[in-house]
Amino acid sequence: MSLFSRGTFRRPEPAVVPRPPAGAPAATAVLPDPALAALTGEWAIDPAHSRIGFSVRHAMVTTVRGAFAEYQSRLYFDGRDPARSKAEIILSTASVDTGVEQRDAHLVGRDFLDARTYPRMRFASTSVELAGADVYRMSGDLTIRDVTRPVVLELTYIGYVTDPFGYERVGFDGTTTIDRSEWGLTYNSRLAEGGAMVSEKVRLQFDIAAIRTPPAG
């Protein structure tokens, strides 16, 4: 039975923002949902129910998808003040899986991730802001092959649940698109038609189910 069954899923109602008086300028600030205050605390990604993946156009006509199977995470979510939220994810580059062994071996080799020399990738947030109802904009530093550059994730809050084992879970979906050449991943071959065999644009996808971490002590 799915731990995210409809019977136990709870989603708070959106916060009601009072309308300004007639003739007054409309408010533009997005306010946090007061119900999310209860979710403030430490969380860790549950690898069994999450996916940190990517997709990239191949040969200009199809899309290859993959994911990283091994990673560590530290998350802090502040439902009262989203700006105080933080995230750090460290991925094992050798754990990349696209479902094709030969392709995976190429990706972890020197042409791309060079997992032997650079065994880890890292994302660390630098700021978080509420961008809309259930939408957060998380800026951070992404490090690949010892090159660190800023990226911005768009994160959508999915909801929270207490599963049948008593664990509190929260869900977020996030995405961003990067140019891999900015991290030194410049390997490519050209097609007869003039296009690239592998697109330089890579879409990163974060399908996250996180479990609340009990307070220390």
| message | Would you call the rings of Phe54 and Phe68 parallel, tilted or perpendicular, taking 30° and 60° as the class edges? | response |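 The arrangement is tilted - the two ring planes meet at 30° to 60°.
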Would the distance check show the side chain of [X] and the main-chain N or O of [Y] forming a donor-acceptor pair, the cut-off being under 3.5 Å?
| X | Y | answer |
| --- | --- | --- |
| Thr143 | Met121 | no |
| Arg116 | Arg110 | no |
| Ser125 | Ser127 | no |
| Asp163 | Tyr167 | yes |
| Thr175 | Leu204 | yes |
| Arg51 | Gly66 | yes |
| Ser73 | Ile45 | yes |

| task | Evaluate the criterion side-chain hydrogen bond (donor to acceptor under 3.5 Å, both in side chains) for residue pair Thr148 and Asp141; output intermediate values, then yes/no. | result | CA-CA 6 Å; Thr148 301; Asp141 292 328; over 6 Å; no
| Side chain proximity check, Ile178 to Trp183, heavy atoms < 4.5 angstrom |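 Touching, per the 4.5 Å side-chain cut-off.
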| query | Does the side chain of Leu153 reach to within under 4.5 Å of the side chain of Tyr136, using non-hydrogen atoms? | reply |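 The answer is no; the side chains never approach within 4.5 Å.
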Of all heavy-atom pairs between [X] and [Y], which one has the smallest distance, and what is that distance?
| X | Y | answer |
| --- | --- | --- |
| Val152 | Ser139 | CG2-OG, 3.8 Å |
| Thr93 | Leu113 | O-CD1, 3.9 Å |
| Gly41 | Arg212 | CA-NH1, 4.1 Å |

What distance separates [X] [atom1] from [Y] [atom2], expressed to the nearest 0.5 Å?
| X | Y | atom1 | atom2 | value |
| --- | --- | --- | --- | --- |
| Ile211 | Trp43 | CD1 | CH2 | 9.5 Å |
| Leu185 | Asp114 | CG | CG | 10.0 Å |
| Tyr157 | Asp173 | OH | CG | 12.5 Å |

| message | I'd like to know if Asp46 pairs up with Arg169 as an ion pair, taking the criterion as any Lys NZ or Arg NE/NH1/NH2 lying under 4.0 Å from an Asp or Glu carboxylate oxygen. | response |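 Result for this pair is yes, salt bridge flagged.
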| field | Arg57 versus Thr62, side-chain donor and acceptor atoms under 3.5 Å | value |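 The criterion, which ignores hydrogens and geometry beyond distance, is not satisfied for Arg57 and Thr62.
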| Is a side-chain donor-acceptor pair under 3.5 Å present for Asp207 with Ser50? |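 No - no donor-acceptor pair under 3.5 Å links their side chains.
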| query | Take atom CD in Glu88; do more than 12 heavy atoms of anything else shown fall under 6.0 Å from it? | reply |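 Correct, the count exceeds 12.
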| request: State whether the number of non-hydrogen atoms from other residues, nucleotides or ligands found under 6.0 Å of Arg145 atom CZ is greater than 12. | output: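 Atom CZ in Arg145 is crowded, with more than 12 foreign heavy atoms closer than 6.0 Å.
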In residues 75-82, what donor-acceptor pairs under 3.5 Å come from side-chain atoms, sequence neighbours left out?
unit_1	atom_1	unit_2	atom_2	d
Asp78	OD1	Arg80	N	3.0
Asp78	OD1	Asp81	N	2.8
Asp81	OD1	Ala83	N	3.3

| field | Under the salt bridge (charged side-chain N to carboxylate O under 4.0 Å, His left out) test, residues paired with Arg103 that sit two or more places apart | value |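 Testing Arg103 for salt bridge (charged side-chain N to carboxylate O under 4.0 Å, His left out), a comparison that skips the adjacent residues, returns none.
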